[in-house]
Number of protein chains: 2
Amino acid sequence: MTRTRQAVLALLQRTRHPISATEIFEQLHQEKVAIDLVTVYRTLHVLKDLGLVLQLDLHQEGLARYELKEGREHHHHIRCQICGQIEDLLLCPLKKITKLIEQRTQFIVDDHTLEFTGLCPQCQ
Amino acid sequence: MTRTRQAVLALLQRTRHPISATEIFEQLHQEKVAIDLVTVYRTLHVLKDLGLVLQLDLHQEGLARYELKEGREHHHHIRCQICGQIEDLLLCPLKKITKLIEQRTQFIVDDHTLEFTGLCPQCQ
DNA sequence: TTCTTATTGCAAGTTTATTGCAATTACCAT
DNA sequence: ATGGTAATTGCAATAAACTTGCAATAAGAA
């Protein structure tokens, strides 16, 4: 664990919403942490492989976002189509459905993604 | 409606799984239909705006896939992590949950995406 | 057929993310 | 501490998906 990795991890810890590599890069530069964008990408890859970070690919965003997995329970997201704000949904209605899908398709399911989009209270 | 647009639409009609712009481009060239990749992208954009085609952004694929919306009921997908095969799931367990989420978040929900990943029977 | 408008192809440009490689840094053993 | 080794980093270049500008072409109406 180097200081650059700690800086990325610390930023993820204090960020409440899923954040992109570019946003991490820009935020750290504002905080006078010298780090290359490539290093941000590589660090995120490492943290993902270590199981500390989750990668999200939200619909129609065209970029990856990351959030800390550690210490957080399984959840999903809702995103405002106008302002892009992302909010956590601390629920998951898919336990039973997963079993049904495994029976129907003969797949072994090991992950799922669920995302809602719409208008946030401010943008309605 | 030009012949190139009809070619794209016809290909989408006879393709059973969500297909990417590059795949459409390559498939049409194999069928000796001269079409530029840019035109494929623009055609897909038009068809999407007309509500004839749905764009999917599957998790960790890093590209957009498209499927015909016309005449098909609402459904979701499951994708094999090994071979990439995508299968339709002709179910949706999210009607009640959507109402709950609207109450909790004060968002107006107007869409959702749901995707399962796992191992298909062949890749297990 | 001719005129007008929409569509297309080509080239160039964006954006997001990855790779190669040399230079630097971290960490372990001494 | 110090030196050696292996991992990490920055820079430059590259890749892949997608978009934009613009002139040439094709479609549809008069």
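Note on naming: letters A, B, ... go to the chains in the order of the sequence lines (proteins, then strands), and numbering restarts at 1 for each one.
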> So which residues get pulled into A/Ile86's cluster when ILVMFWY side chains under 4.5 Å apart are joined, directly or through others?
Replying inline: A/Leu56, A/Leu58
> Can you pull the side chain to side chain donor-acceptor pair (under 3.5 Å) pairs that have at least one residue in residues 94-104 of chain B, sequence neighbours excluded?
Replying inline: none
Taking only residues two or more places apart in sequence, or in another chain, which ones meet [X] in a side chain to side chain donor-acceptor pair (under 3.5 Å)?
| X | value |
| --- | --- |
| B/His75 | B/Glu67, B/His77 |
| A/His74 | A/His76, A/His112 |
| A/His29 | none |

Extract all donor-acceptor atom pairs below 3.5 Å that involve side chains of residues 113-124 of chain A and protein atoms in other chains or at least two apart in sequence.
{"residue": "A/Glu115", "atom": "OE1", "partner": "A/His59", "partner atom": "N", "Å": "2.8"}
{"residue": "A/Glu115", "atom": "OE2", "partner": "A/Arg79", "partner atom": "NH1", "Å": "3.4"}
{"residue": "A/Gln124", "atom": "NE2", "partner": "A/Leu119", "partner atom": "O", "Å": "3.2"}
{"residue": "A/Gln124", "atom": "NE2", "partner": "B/Gln106", "partner atom": "O", "Å": "2.7"}

>> Quick check for you: to the nearest 0.5 Å, what is the distance between A/Leu50 atom CG and A/Met1 atom CE?
In response: 6.0 Å
>> At a heavy-atom distance below 4.0 Å, what parts of residues 17-40 of chain A sit against DNA chain D?
In response: A/Ala34, A/Ile35, A/Asp36, A/Val38, A/Thr39
>> Can you list, in residue-number order, the parts of residues 41-57 of chain A that come under 4.0 Å of DNA chain D, counting heavy atoms only?
In response: A/Arg42
Could you go over nucleotides 25-30 of chain D and give all protein N or O partners under 3.5 Å, atom names and distances?
{"residue": "D/dA27", "atom": "OP1", "partner": "B/Arg3", "partner atom": "NE", "Å": "3.3"}

> Which pairs with one or both residues in residues 32-55 of chain B pass salt bridge (Lys or Arg N to Asp or Glu O under 4.0 Å), sequence neighbours excluded?
Replying inline: none
Using residues 11-25 of chain B as the side-chain source, report each donor-acceptor pair under 3.5 Å to any protein atom, sequence neighbours left out, with the distance given to one decimal.
{"residue": "B/Arg14", "atom": "NH1", "partner": "B/Glu31", "partner atom": "OE1", "Å": "3.3"}
{"residue": "B/Arg14", "atom": "NH1", "partner": "B/Glu31", "partner atom": "OE2", "Å": "2.9"}
{"residue": "B/Thr15", "atom": "OG1", "partner": "B/Leu11", "partner atom": "O", "Å": "2.6"}
{"residue": "B/Ser20", "atom": "OG", "partner": "B/Glu23", "partner atom": "N", "Å": "3.2"}
{"residue": "B/Glu23", "atom": "OE1", "partner": "B/Ser20", "partner atom": "N", "Å": "3.0"}
{"residue": "B/Glu23", "atom": "OE1", "partner": "B/Arg65", "partner atom": "NH1", "Å": "3.0"}

>> A/Asp88: which residues meet the salt bridge (charged side-chain N to carboxylate O under 4.0 Å, His left out) condition with it, sequence neighbours left out?
In response: A/Arg72
>> Both B/Arg65 and A/Arg5 contact DNA chain D. Taking the nearest nucleotide for each, which residue is further toward the 5' end?
In response: A/Arg5
